[in-house]
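Atoms considered below: every heavy atom in the structure, side chains included; atoms not considered: hydrogens, waters and symmetry mates. Every value quoted in this text rests on a predicted model; they were computed, and no experiment measured them. Chain letters run A, B, ... following the sequence lines, proteins first and then strands; every chain starts at 1.
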2 protein chains.
Amino acid sequence: METSAKTDRRIRRTQAAITQAFLELLSKKTFERITINDIAKQADVNRGTIYLHYADKYDLLNACIDCHLNAMIHSCVFTHFTEHKANVDEATESLAALFHYFEEHALFFSSMLSCQKTSVFRERMVQIFASVIQKKPITPSNNQTIDKQVLTQFIASAFVGTLEWWILNRMPHSPEYMAKQVWMLLKSD
Amino acid sequence: METSAKTDRRIRRTQAAITQAFLELLSKKTFERITINDIAKQADVNRGTIYLHYADKYDLLNACIDCHLNAMIHSCVFTHFTEHKANVDEATESLAALFHYFEEHALFFSSMLSCQKTSVFRERMVQIFASVIQKKPITPSNNQTIDKQVLTQFIASAFVGTLEWWILNRMPHSPEYMAKQVWMLLKSD
DNA sequence: TTTGAAATGTTGATTAATCAACAGAAACGC
DNA sequence: GCGTTTCTGTTGATTAATCAACATTTCAAA
């Protein structure tokens, strides 16, 4: 992803404006009711310009999902809690950071999770978490005959499902509390 | 000032970005210490682009002054307090709105007033207030042999001086209080 | 159903912004 | 003082964004 290194400043600016405008609109309207005209007006960009970057609003949606999931992963020092040395403090801090990211962008995630494309978005969430988890040597303990892939999918699904529940139920607990709870559950595996 | 009607969207955007960046920088550094590079970086604009719109940073400063003084005049329903029917409530409300505008943009005005170009900025302030006052039929009462121009200059100077004192002394009174006081003084003339 | 308004996606010509490179001026530390 | 760095203002070639216009399509209301 050699993004911002050499890309023209105008491209960076307009893409940022478009995606931000799109997210702003997503906090007011549902995805289906958002038009290209709306986005262009909100982003202060010519309507035709949007088509220079995205085929249609579905393409834009996917790009936004990519961007956001990527930002989410990078927002927390996510690598910590999959390391051998299971430093409890570091791990829960990382998890809390992740929950904080969700809290901060709750509008986006709840929009994504509550619209028709729920399953698509959930699948992509699980996928990206699974790929992150898979990169790290997980669960040195309890190494009975448990398939690594199965375990990865198991953890990722549990994680995403918990996040989804937390977001859609308007975050009934604090990020720190959730981080603690999830960490305890992860350790027991 | 047929500004936004037909001007290219890109011009509007970049000029807005540049002037806003300039104001943001003015709240941190003094004018003399601000470089074109700083402005370009803050505005996320190529350095050369600035020269497409402004000859140098002094030209930019003047343009910003124009813009800000214009916005200030239009921010309050300023016409009220120069009308015949001296509705006290409306007048003080307008004045309070004006003081509120100053309070909100105190950083800009204090930067302008406390730098070397104090006199230039003050003169322009007096000038614009005088032109606004002059447009309206003022002081129907007490119409002794008082030259209208003299009166205009008198009021404008008093007004600007009071604003300047208020800003540079870190706004020791509330906008409402100042509006009341100034209105009482204006009525006595 | 028909009509009218708004959204879509695309086109070509035009314009603004970018980038890299330049030479000269000012500012800074040694 | 001198050398280094940074800022300045300008250049020309290149690219991205704009605008107006177009034919379709969608959609809501008469």
Side-chain angles (χ1 to χ4, degrees), chain A residues 1-64 66-67 111 115-117, chain B residues 1-64 66-67 111 115-117:
Chain A
M1 307 208 181
E2 51 270 89
T3 50
S4 59
K6 292 184 67 176
T7 49
D8 193 293
R9 183 185 254 115
R10 290 169 288 184
I11 296 179
R12 277 186 281 128
R13 260 201 274 106
T14 55
Q15 284 189 349
I18 290 171
T19 54
Q20 194 197 327
F22 180 57
L23 293 188
E24 288 169 4
L25 288 174
L26 263 180
S27 68
K28 303 174 193 169
K29 302 180 182 182
T30 170
F31 171 74
E32 303 298 340
R33 299 187 54 81
I34 294 175
T35 71
I36 296 286
N37 275 321
D38 292 335
I39 301 168
K41 200 176 294 180
Q42 180 82 13
D44 191 20
V45 153
N46 190 284
R47 184 171 60 89
T49 306
I50 297 179
Y51 293 107
L52 296 177
H53 296 274
Y54 309 99
D56 47 32
K57 69 174 184 174
Y58 302 95
D59 187 31
L60 169 60
L61 174 68
N62 282 324
C64 277
D66 286 342
C67 174
S111 296
C115 81
Q116 298 173 342
K117 309 205 167 295
Chain B
M1 306 212 182
E2 50 272 87
T3 50
S4 59
K6 294 185 65 176
T7 50
D8 194 293
R9 185 185 251 113
R10 288 169 289 184
I11 295 179
R12 276 185 282 128
R13 259 201 275 104
T14 55
Q15 284 188 349
I18 291 171
T19 54
Q20 193 196 328
F22 180 56
L23 292 189
E24 288 169 6
L25 288 174
L26 262 181
S27 68
K28 303 174 193 167
K29 303 180 181 181
T30 170
F31 172 74
E32 303 298 339
R33 297 187 56 81
I34 295 175
T35 72
I36 295 286
N37 275 321
D38 292 335
I39 301 168
K41 200 175 294 179
Q42 180 81 14
D44 192 19
V45 152
N46 190 285
R47 185 169 60 86
T49 306
I50 297 180
Y51 293 106
L52 297 176
H53 296 273
Y54 310 98
D56 48 33
K57 70 173 183 173
Y58 302 96
D59 187 31
L60 169 61
L61 174 67
N62 282 324
C64 278
D66 286 342
C67 175
S111 295
C115 80
Q116 298 174 343
K117 309 205 166 296

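- Of the side-chain N and O atoms in A/His53, one or more sit less than 4.0 angstrom from OP1 or OP2 of D/dA17.
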Identify all pairs in which a protein N or O lies below 3.5 Å from an N or O of nucleotides 4-8 of chain D, and state each distance.
unit_1	atom_1	unit_2	atom_2	d
D/dC7	OP2	B/Asn37	ND2	3.4
D/dC7	O5'	B/Asn37	ND2	3.3
D/dT8	OP1	B/Ile36	N	3.1
D/dT8	OP2	B/Ile36	N	3.0
D/dT8	OP2	B/Asn37	N	3.3

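- Rounded to an integer number of Å, the gap from OH of A/Tyr54 to C1' of D/dA17 is 15 Å.
- With respect to B/Asp8 and B/Arg13, no salt bridge is recorded, no charged nitrogen being found less than 4.0 Å from a carboxylate O.
- To the nearest 0.5 Å, atom CD of residue A/Gln20 and atom CD of residue A/Gln42 are 8.5 Å apart.
- Under the 6.0 Å cut-off for aromatic ring centres, B/Phe31 and B/Tyr58 qualify, their centroids lying closer than that.
- A pairwise comparison of heavy atoms in B/Ala17 and B/Ala43 identifies O-CB, 3.5 Å as the closest pair.
- Closest non-hydrogen pair, B/Tyr54 versus B/Asp59, comes out as CA-OD2, 3.4 Å.
- Atom-to-atom, NZ of B/Lys6 to P of C/dT14 comes out at 16 Å; the value is rounded to the nearest Å.
- When the nucleotides D/dC19, C/dA17, D/dA16 are ranked by their closest atom to the side chain of B/Arg9, D/dC19 comes out on top.
- The distance from atom CD1 of B/Ile18 to atom P of C/dA16 is 14 Å, rounded to the nearest whole Å.
- Note: CG (B/Asp8) to C1' (C/dA17) measures 10 Å, nearest angstrom.
- Regarding A/Ile50, its CD1 atom lies at a distance of 11 Å from the P atom of C/dG9, rounded to whole Å.
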Give me the distances for all protein-to-nucleotides 26-29 of chain C N/O pairs that come in under 3.5 Å?
none

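- Between the CG atom of A/Leu60 and the P atom of C/dG9 there is a distance of 12 Å, given to the nearest Å.
- At whole-Å resolution of the value, CG in B/Asp44 and C1' in C/dA16 are 16 Å apart.
- Between its opening and closing five pairs, the helix from C/dT1-D/dA30 to C/dC30-D/dG1 changes axis direction by 60°, a value rounded to 10 degrees.
- A donor-acceptor pair under 3.5 Å is formed between the side chain of B/Asp38 and the backbone N or O of B/Thr35.
- Between the side chain of B/Arg10 and the base of D/dA17 there is at least one donor-acceptor pair of N/O atoms closer than 3.5 Å.
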_Run A/Thr19 and A/Leu60 through side-chain contact (heavy atoms from CB on, under 4.5 Å) and show every step you take._
CA-CA 8 Å; A/Thr19 54; A/Leu60 169 60; 4.3 Å; yes
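- In this entry the distance linking CG of B/Asn46 with P of D/dT10 reads 15 Å, nearest Å.
- Here the straight-line distance linking atom NZ of A/Lys57 with atom CG of A/Leu25 works out to 10.5 Å at 0.5 Å rounding.
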_Audit row: B/Thr49, B/Asn46, side chain to side chain donor-acceptor pair (under 3.5 Å) steps and yes/no_ = CA-CA 5 Å; B/Thr49 306; B/Asn46 190 285; 4.6 Å; no
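- A/Phe22 contributes atom CZ, which lies 5.5 Å from atom CD1 of A/Ile34 (distance to the nearest 0.5 angstrom).
- With B/Thr30 contributing its side chain and B/Arg33 its backbone, the two residues share no donor-acceptor pair below 3.5 Å.
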